[in-house]
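Following: one structure in structure tokens, then a few remarks.
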There are 2 protein chains.
Amino acid sequence: MNILEKITQNKAVFSKSERKVAEVILSNPQTAIHSSIATLAKMSDVSEPTVNRFCRRLDTKGYPDFKLHLAQSLANGTPYVNRHVDEQDGPEEYTNKIFESTMASLEVARQSIDVNIVNRVVDLLTQAQKISFFGLGASASVAHDALNKFFRFNVPVVYFEDILMQRMSCMNCSDGDVVVLISHTGRTKSLVEIAQIARMNDATVVGITSAESPLAQECSYVLSLEVPEDTDMYMPMASRIAQLTLIDVLATGFTLRRGNKFRENLKRVKDTLRGSRYEKRNE
Amino acid sequence: MNILEKITQNKAVFSKSERKVAEVILSNPQTAIHSSIATLAKMSDVSEPTVNRFCRRLDTKGYPDFKLHLAQSLANGTPYVNRHVDEQDGPEEYTNKIFESTMASLEVARQSIDVNIVNRVVDLLTQAQKISFFGLGASASVAHDALNKFFRFNVPVVYFEDILMQRMSCMNCSDGDVVVLISHTGRTKSLVEIAQIARMNDATVVGITSAESPLAQECSYVLSLEVPEDTDMYMPMASRIAQLTLIDVLATGFTLRRGNKFRENLKRVKDTLRGSRYEKRNE
DNA sequence: AAGAAAAATGTAATTTTTTGACATTTTTAA
DNA sequence: TTAAAAATGTCAAAAAATTACATTTTTCTT
């Protein structure tokens with residue numbers, strides 16, 4: 001946790017002298033990290049051991065350790081912490097909190113990704129005869145997005161929102177088809193069933209879900225995403241974003257694998273859209 | 001500048017022993033910042049002054065100063081820069097680049113948001129008789145997602161992918177209805193027309209789009225999002241993510257405005273989903 | 001309000017850590 | 001091969017941080 005925030009929060013707990021130290025540090029943290037304990041003690045007008053005790057109260061091992069923590073806090077301007085929205089927050093606060101915690105979640109998600117599996121899945125996708133993307137609820141829009149993306153690649157790609165359509169589609173799967181199933185929890189019954197159906201019909205099933213979930217068990221490959229608990233709003237938030245970003249990664253891997261010529265193709269697809277748009281005046 | 005990079009770059013300049021120190025630090029920077037010069041010297045199998053000289057070669061004042069720099073470098077992992085994917089990147093590289101540039105874009109987008117407009121739009125939404133979300137292409141899935149989110153609020157909410165349905169829906173708009181139009185460029189002709197139709201029928205039109213685009217001109221309120229140019233892959237990437245996050249912000253503002261009781265409602269909605277899921281074993 | 005107990009703070013000594021001076025070894029180049 | 005230069009290590013001095021303990025301040029009880 002950011003040590004500057006911690007100092008602010010614990011202000012009430014500090015003793016009088018410790019508070020003097022806190023003031024000096026908060027008002028000038030950049031100076032603090034370059035001072036020795038003696039200098040800081042003089043600046044705060046307290047004794048050296050008091051500064052040391054202050055550091056320990058913040059759960060650091062001592063002054064040098066404290067400086068390290070402080071340096072780290074200062075390094076990331078606003079550190080991407082998963083701050084929860086609360087009741088009293090105004091628009092400014094909740095906007096920032098949502099953005100920041102989304103970024104924080106992406107960071108965590110990124111670290112949880114196994115690039116070897118990404119690589120293998122990209123392999124699979126490039127060789128697939130047909131790619132299907134299915135998800136339910138909040139993950140439906142992620143599947144929808146994946147459709148949009150892979151459609152540009154001129155690959156047979158399928159997406160349905162309707163469970164029955166999804167099932168039927170999987171019934172008709174065959175060897176060489178890849179089915180990508182998206183679910184944050186990996187506990188949605190009907191999606192787990194879809195996975196089973198697809199596998200019975202020789203499709204390769206890729207799950208974008210959490211590790212060791214029932215869905216993960218049924219998949220040939222699992223791209224597990226660890227995303228910190230969504231904020232308190234009882235809605236999926238960060239999980240979706242992480243899934244989407246992973247889709248971007250797969251799409252990128254796909255185009256890289258296909259090489260340069262293929263990318264020119266993509267440019268053409270993009271240019272085709274031009275007719276449907278108002279021209280941008282060249283400034 | 002990031003000191004880890006600096007170490008990597010200067011590797012050629014280092015002497016043999018200094019390189020040993022560099023290896024140890026690069027391979028385990030987290031350990032390094034918590035070690036004394038003596039420990040690090042032993043780990044690198046060199047003498048203490050050698051470590052000290054190593055630090056000075058990197059333009060730090062000495063070992064403690066070096067540790068500070070190192071701590072700061074580690075704090076912001078790799079700062080979120082918009083690094084472009086290129087041809088030779090392996091899975092590891094492109095995965096990280098995509099995630100990082102997504103985070104970087106979110107940061108930029110966040111700063112470009114006008115919270116006053118967010119606040120006003122939240123106002124509008126809470127008082128709306130009916131809310132519609134429309135987008136085309138990549139933005140369609142964003143609208144889809146918004147549907148999913150606002151549907152939970154037990155508000156009349158509408159979403160269509162089909163242009164004709166969108167038009168018809170807007171024809172039937174009336175005073176008190178809010179139409180949210182999503183488009184990165186704001187230059188999609190049919191969406192601009194939708195905006196005009198909606199306004200002719202007294203709906204309030206909110207645009208999530210780029211400032212001063214043709215679409216923005218036609219909107220009652222514009223939530224403009226400035227998103228750095230998407231990476232070179234000719235697909236919308238970061239723009240979508242920013243739009244989605246903005247939707248999260250609006251949804252959050254909405255629930256906050258509605259107060260505590262309302263949030264309990266949301267919890268109930270979430271709990272309702274339980275029947276469709278496999279239980280999580282309590283570990 | 002007085003006095004004892006507890007908490008906070010400071011002093012001084014000790015320990016740890018870092019740095020500097022100089023000797024020795026290794027490398028480089030003529 | 002040898003002399004100069006560069007690199008590295010040894011050891012001692014200096015600086016910094018921490019500990020133990022004494023003193024002061026605060027708090028609580030009677």
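We name chains A, B, ... by the order of the sequence lines, and we start the count at 1 in each one. Remember, it's a predicted structure, so these values are computed and weren't measured experimentally.
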Handout entry: A:Q217 atom CD, over 12 foreign heavy atoms within 6.0 Å
Key = yes

Practice task
For atom CD of B:E92, decide whether the heavy atoms of other residues, nucleotides or ligands shown that lie under 6.0 angstrom number more than 12.
Solution key: no

Please report the distance, rounded to the nearest Å, between [atom1] in [X] and [atom2] in [N].
X	N	atom1	atom2	result
A:N52	D:dA15	CG	C1'	16 Å
B:Y63	D:dA15	OH	C1'	16 Å
A:D65	D:dT18	CG	C1'	14 Å
B:L40	C:dT19	CG	P	12 Å
B:F54	C:dT18	CZ	P	15 Å
A:I37	D:dA17	CD1	C1'	6 Å

Handout entry: Side-chain H-bond candidate by donor/acceptor type, A:S141 with B:D145, under 3.5 Å
Key = yes

Practice task
Could you tell me whether the side chains of B:S105 and B:T102 share a donor-acceptor contact shorter than 3.5 Å?
Solution key: no

Practice task
Report yes if at least one side-chain N or O of B:R56 is closer than 4.0 Å to OP1 or OP2 of C:dT18; otherwise report no.
Solution key: no

Practice task
Just jot down the ring pair (Phe, Tyr, Trp, His ring centres under 6.0 Å) partners of A:F54, sequence neighbours excluded, or say none.
Solution key: A:F14, A:F66

Practice task
Quick one: do B:R110 and B:E107 satisfy salt bridge (Lys or Arg N to Asp or Glu O under 4.0 Å)? Show the steps, please.
Solution key: CA-CA 5 Å; B:R110 187 191 100 195; B:E107 177 62 31; 3.4 Å; yes

Handout entry: Contact letters for nucleotides 9-16 of chain C, in which S counts primed atoms plus P, OP1 and OP2 and B counts the base, heavy atoms under 4.0 Å
Key = BBBB----

